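Below is one structure; the comments refer to it alone.
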Number of protein chains: 2
Amino acid sequence: MNAITIREVAALAGVSVATASRVLSGNPATSPTSRARVASAAAELDFRPNAQARALRGARTNALGLLVSDVRNPFFADLAHTVEQAANLHGYVTLLGNANERADQQDRYLDTLISRRVDGIILAPVGEGSDSIRSLIAREIPTVFVDRTIAGMDLPSVTTDGTTGIRQAVEHLAAAGHTRIGYISGPQASSTGRDRFAAFTRCVTENGLSADPSLVYFGDYQAASGSAGVHALLGLREPPTALIVADSLMAVGAIASLHDRGVLLGVDLAMVAFDDVEWFALLNPALSVISHSVADMGRTAVDLLLQVIDGGTPASVVLPSELIVRASSAPAGTPGTPPRPPTPPAAPPAPTASHNSVRTH
Amino acid sequence: MNAITIREVAALAGVSVATASRVLSGNPATSPTSRARVASAAAELDFRPNAQARALRGARTNALGLLVSDVRNPFFADLAHTVEQAANLHGYVTLLGNANERADQQDRYLDTLISRRVDGIILAPVGEGSDSIRSLIAREIPTVFVDRTIAGMDLPSVTTDGTTGIRQAVEHLAAAGHTRIGYISGPQASSTGRDRFAAFTRCVTENGLSADPSLVYFGDYQAASGSAGVHALLGLREPPTALIVADSLMAVGAIASLHDRGVLLGVDLAMVAFDDVEWFALLNPALSVISHSVADMGRTAVDLLLQVIDGGTPASVVLPSELIVRASSAPAGTPGTPPRPPTPPAAPPAPTASHNSVRTH
DNA sequence: CGATTCCATGGAATCGTTTCCACGACGCAG
DNA sequence: CTGCGTCGTGGAAACGATTCCATGGAATCG
């Protein structure tokens with residue numbers, strides 16, 4: 001770790017450190033001669049400026065923090081990817097943290113991001129507010145929420161309006177004859193969990209469907225709770241004939257559990273999941289989903305954050321969602337019949353929406 | 001961004017900065033009195049030490065860099081997760097970078113990691129060596145390779161021995177009567193691409209199967225190349241009756257393409273993919289895979305890196321792989337017959353290996 | 001009781017970079 | 001020829017923490 005400093009570069013170039021610094025940071029007040037000499041000296045020594053020292057003096061670190069609730073969730077993996085690309089475009093490097101859906105890990109990571117003096121933070125919060133998050137606000141560290149928000153914390157955010165998609169899903173299932181729709185919900189401690197659940201209950205009553213509270217299972221956005229939800233709902237005396245699952249990981253767990261039980265998707269049970277994941281279309285039958293554009297969300301989050309860093313107070317953005325109908329939400333079978341022998345799944349109804357994600361205004 | 005410094009903490013506590021620093025960094029040479037006063041002052045001001053300044057003076061940053069070739073690849077998402085957890089256990093924070101399977105993005109990220117003076121780097125390299133990687137070695141920055149290596153660069157590494165799994169897969173398919181096995185390979189510019197391809201060709205000849213070079217398609221570990229591979233291989237005059245795909249993303253592309261063509265997995269075409277991804281088991285028919293333990297790989301990589309940081313020169317570790325047979329690799333259909341109407345997939349043969357991943361010694 | 005050790009403490013140097021300030025050289029207009 | 005603005009340059013302060021070193025008081029020992 002024989003680090004080369006700007007001092008050695010200056011010495012080799014035969015100029016002062018001040019001049020070397022000016023050349024290396026693009027300050028125009030330099031002569032062509034010293035520009036050339038410093039540049040070649042830096043190249044020869046393979047000089048890499050120490051970002052710590054640079055950030056210590058200057059105000060900016062040119063780093064953004066992105067804290068997602070679970071990297072293994074394909075939605076957040078995609079989000080990380082788009083955020084990284086967008087940040088890169090603006091000269092920022094992204095430090096990605098993984099809260100693992102746990103508030104303590106989120107706080108630990110937030111603390112290190114604060115310590116490292118990132119220029120701003122994009123946060124998909126877990127829980128309902130912690131000291132670390134309040135600390136963020138008290139220090140006026142530029143922060144935006146993505147995907148989820150926290151009640152009472154007035155920060156710019158990019159979220160999805162799940163209502164449209166959920167309404168479309170409920171109406172679609174109702175039109176297919178389902179009256180008892182099960183719902184595997186996200187945790188009520190998260191804004192998306194609450195909002196989607198509220199939208200679901202509203203749409204269910206609006207469509208005159210069963211509002212039986214036992215049709216709702218509250219999961220935690222992890223695969224295991226999807227399995228548990230299927231177990232609970234199909235164990236009811238009057239099980240649902242259709243199922244809406246509030247995120248992709250729980251959908252994976254739910255599907256695995258249905259497989260184990262020999263319940264055929266799209267035949268014995270209709271299903272729609274929130275979040276469009278590429279391979280959901282590859283399942284047999286392909287899974288109907290409520291889609292929202294992760295690329296737009298990532299780009300918008302970076303845009304908002306950069307505005308906050310520049311001192312602005314941008315308005316929050318709400319992105320649309322929409323139903324994509326595939327074979328898994330075929331018309332209802334007769335409720336209560338035991339699983340039948342495998343038959344080819346019914347032909348999917350004509351899609352009500354294209355697969356292409358909706359662009360934000 | 002009204003940052004609180006140790007100076008203000010010291011003032012409030014009524015001690016010198018030196019004492020404050022000692023208390024805050026756990027130096028035992030402090031009196032209980034000042035410990036208490038400094039601690040309460042720090043808490044009251046919500047003091048967060050500036051990691052930049054700390055790292056500037058001291059030698060360590062307590063940060064590791066993890067550079068993966070593609071975050072959206074579930075294998076690397078899982079790896080990121082386990083590495084992060086393991087590093088966390090040792091008090092390190094992980095800076096995750098995404099090379100996007102592109103050498104230029106990898107180099108850009110390596111440069112920022114060098115600039116930020118991370119204590120060590122875990123690298124899943126893209127390409128066959130660049131100036132940035134050579135720079136890493138020249139500076140003696142602790143680095144280990146994970147999943148992939150680069151020929152001629154003698155760094156500790158954790159890799160998977162794909163040979164066992166591929167041999168099992170080829171023998172399994174041969175036993176089922178397949179003689180023409182297609183192979184969608186990873187890029188020959190990557191060590192895993194070369195190694196797995198070499199193992200495949202060796203096993204094919206050993207088992208007396210067709211070594212027709214047109215049965216091999218070279219992809220790039222991205223989904224699109226999986227589709228292209230299916231297109232190329234099924235367009236042959238004598239198409240293969242079985243397919244081995246060298247990674248999970250290309251498998252996704254391949255499966256999508258098979259869907260589009262109406263080719264039934266496990267009926268018209270047997271398939272085995274490298275990398276065990278949770279939801280591959282959920283496909284219908286479930287996908288046979290060559291599994292290797294990503295958790296072991298992540299933990300081992302962190303272990304090796306910590307040894308290198310402590311001045312050691314640990315030996316590289318090779319982890320095992322094994323075939324997990326599921327329904328997608330059913331016995332061969334008659335080659336060349338057009339897709340038949342859907343029938344229930346054949347019952348899977350008895351698994352030759354358990355789903356549980358093999359533990360490293 | 002005096003000398004010596006121990007220990008908590010504060011002042012100051014240090015890390016590598018940026019940036020303020022002062023200075024000298026130069027060109028140009030009066 | 002002198003005065004003034006411009007421009008490139010170097011010295012030194014600054015950023016916020018750690019750590020060496022010296023100091024003074026208390027404790028211990030002969």
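In this text, all values refer to a predicted model and were calculated from it rather than measured experimentally. In what follows, every chain begins at residue 1, and chains take the letters A, B, ... in the order their sequences are listed.
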Taking the side chain of A/R22 as heavy atoms from C-beta outward, which of C/dT17, C/dT9, C/dC21 is closest to it?
-> C/dC21
Closest to side chain of B/A29, choosing from C/dA8, C/dC21, D/dT18 = C/dA8
If only side-chain N and O atoms of [X] are considered, is one of them under 4.0 Å from the OP1 or OP2 phosphate oxygen of [N]?
X     : N      : result
B/S21 : D/dT18 : yes
B/T30 : C/dA8  : no
A/S34 : D/dT9  : yes
A/S31 : D/dC7  : no

Both distances under 3.5 Å, Watson-Crick or G-U wobble: report the partner of D/dG30, or none.
-> C/dC1
So which of residues 48-57 of chain A are in contact with DNA chain D, with a heavy-atom cut-off of under 4.0 Å?
-> A/L56, A/R57
Which is true for A/T5 with a 4.0 Å heavy-atom rule: it touches a base, it touches only sugar-phosphate, or it touches nothing?
-> sugar-phosphate
Heavy-atom count around B/R7 CZ within 6.0 Å, excluding the residue itself: above 12?
-> no
B/D154 atom CG, neighbour heavy-atom count above 12 within 6.0 Å | no
B/I4 CD1 to D/dC15 C1', in whole Å, measures 16 Å
Thinking salt bridges, do A/R134 and A/E140 make one under a 4.0 Å N-O criterion?
-> no
